[in-house]
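Just so it is clear, the model here is predicted, and its values are computed rather than measured.
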Amino acid sequence: MSFELLSLETIQELAHEYGYWVIFSGIALENTGVPLPGETITLVGGFLAGSGELNYWFVLASAITGAVLGDNCGYWIGKIGGWSFLLRLGGFFRIPEPQLVEVKRQFSENAARAVFFGRFVALLRIFAGPMAGIAEMPYSQFILCNLAGAAVWASVMVSLSFFVGRIIPLETLVSWMAKFGIAVLLLVIAWIGVSIWLESRKIKDVSISDQPSE
């Protein structure tokens with residue numbers, strides 16, 4: 001994907017040389033908010049485990065631990081200074097503050113699902129932690145959803161490349177998963193956009209109905 005900072009070849013070289021540390025640190029940084037290809041890193045780890053170069057359980061533990069710790073860092077970054085940064089960013093791109101407030105509200109109402117399922121969605125996996133902090137999601141709830149989501153996501157990704165990687169080339173598998181992530185991301189964006197549009201129409205209709213008739 002174009003926004004990723006590392007190519008598949010580079011990730012493979014790093015994983016060959018540094019093994020589990022690459023899996024742990026790469027996923028941790030991605031979940032903190034750095035646009036690294038955590039999904040690809042996890043798939044590479046599972047693939048190397050399937051070929052016997054790495055241990056399956058150590059790869060899985062590295063992926064889960066990195067995801068949990070990274071998301072925790074992202075949560076506190078978002079909670080401490082995320083909203084003020086988002087407001088400044090919105091001002092730069094001329095996004096009205098009410099729209100940002102609405103996005104924050106939408107995320108807050110769906111925070112548990114976003115943190116759990118967001119790991120399977122391109123970009124949302126990077127921003128779910130910081131956005132949960134910005135939306136002031138209760139930390140106990142965040143920890144539970146974060147740990148459960150990390151365990152499910154890592155298990156699926158590592159197991160997929162561990163078994164399927166023996167049949168399908170790694171490059172093809174990574175490409176398929178990237179396309180799946182983008183497709184889901186577009187659906188999420190469309191859903192949020194429609195929700196905000198319907199809410200704005202509702203507010204507009206209410207304001208019109210409140211006006212005194214002549």
Subject >> Side-chain (Y75) to main-chain (I143) donor-acceptor, under 3.5 angstrom >> reply: no
Original post:
Which heavy atom of R125 sits nearest a heavy atom of E30, and at what distance?
Top reply: NE-OE2, 3.0 Å
Original post:
If only atom types and distance count, is the side chain of S175 paired as donor or acceptor with the main-chain N or O of E171 below 3.5 Å?
Top reply: no
Original post:
Linking I/L/V/M/F/W/Y whenever any side-chain heavy atoms sit under 4.5 Å apart, do F127 and I77 land together?
Top reply: no
Original post:
How close do N31 and D71 get, heavy atom to heavy atom, and via which atoms?
Top reply: O-OD1, 3.3 Å
**OP:** Report yes if the side chains of F120 and V156 come closer than 4.5 Å at any heavy-atom pair, otherwise no.
**Re:** yes
Subject >> From CZ (F142) to CH2 (W76), nearest 0.5 Å >> reply: 9.5 Å
**OP:** Kindly determine whether L144 and Q141 satisfy side chain to side chain contact (heavy atoms under 4.5 Å, CB included), including the steps that lead there.
**Re:** CA-CA 5 Å; L144 180 61; Q141 183 187 32; 5.9 Å; no
Original post:
Can you get from L69 to Y20 by hopping between Ile, Leu, Val, Met, Phe, Trp and Tyr side chains that sit under 4.5 Å apart?
Top reply: no
Original post:
Closest heavy-atom contact between V68 and A150?
Top reply: CG2-CB, 3.6 Å
Original post:
Once you round to the nearest 0.5 Å, how far does CD of E39 lie from CZ of R119?
Top reply: 12.5 Å
Subject >> Flag, side chain of S62 to backbone of F58, donor-acceptor distance under 3.5 Å >> reply: yes
**OP:** Determine whether L54 and I23 make a side-chain contact, defined as any pair of heavy atoms from C-beta on separated by less than 4.5 Å.
**Re:** yes
Subject >> Atom pair CE (M157) and OG1 (T40), whose distance is rounded to the nearest 0.5 Å >> reply: 10.5 Å
Original post:
Linking I/L/V/M/F/W/Y whenever any side-chain heavy atoms sit under 4.5 Å apart, do F47 and F163 land together?
Top reply: yes
Original post:
At what distance, to the nearest 0.5 angstrom, does CG of L36 lie from CD1 of I126?
Top reply: 8.0 Å
Original post:
At their closest point, which heavy atom of S155 faces which heavy atom of S159, and how far apart are they?
Top reply: O-OG, 2.7 Å
Subject >> M137-F117 co-clustered via ILVMFWY side chain contacts under 4.5 Å >> reply: no
Original post:
For the residue pair A49 and N55, what are the closest heavy atoms and their distance?
Top reply: CB-C, 4.2 Å
Original post:
Are M131 and L87 linked, directly or through other ILVMFWY residues, by side chains that come within less than 4.5 angstrom of each other?
Top reply: yes
**OP:** Indicate whether any N or O donor in one side chain lies under 3.5 Å from an N or O acceptor in the other, for N146 and Y139.
**Re:** no
Original post:
If you round to the nearest 0.5 Å, how far is CD1 of I64 from CZ of F24?
Top reply: 12.5 Å
Original post:
Rounded to the nearest 0.5 Å, how far does CD1 of I11 lie from NE2 of H16?
Top reply: 12.0 Å
**OP:** Find out whether W83 and V101 are in side-chain contact, i.e. whether some heavy atom of one side chain is under 4.5 Å from a heavy atom of the other.
**Re:** yes
Original post:
How about W153 and T42: do any of their side-chain heavy atoms sit closer than 4.5 Å?
Top reply: yes
**OP:** Go through the steps for W176 and I168 under the test side chain to side chain contact (heavy atoms under 4.5 Å, CB included), then give the verdict.
**Re:** CA-CA 11 Å; W176 286 356; I168 300 174; 3.4 Å; yes
Subject >> Minimum heavy-atom distance between A114 and A128, given as atom pair plus value >> reply: O-CB, 4.2 Å
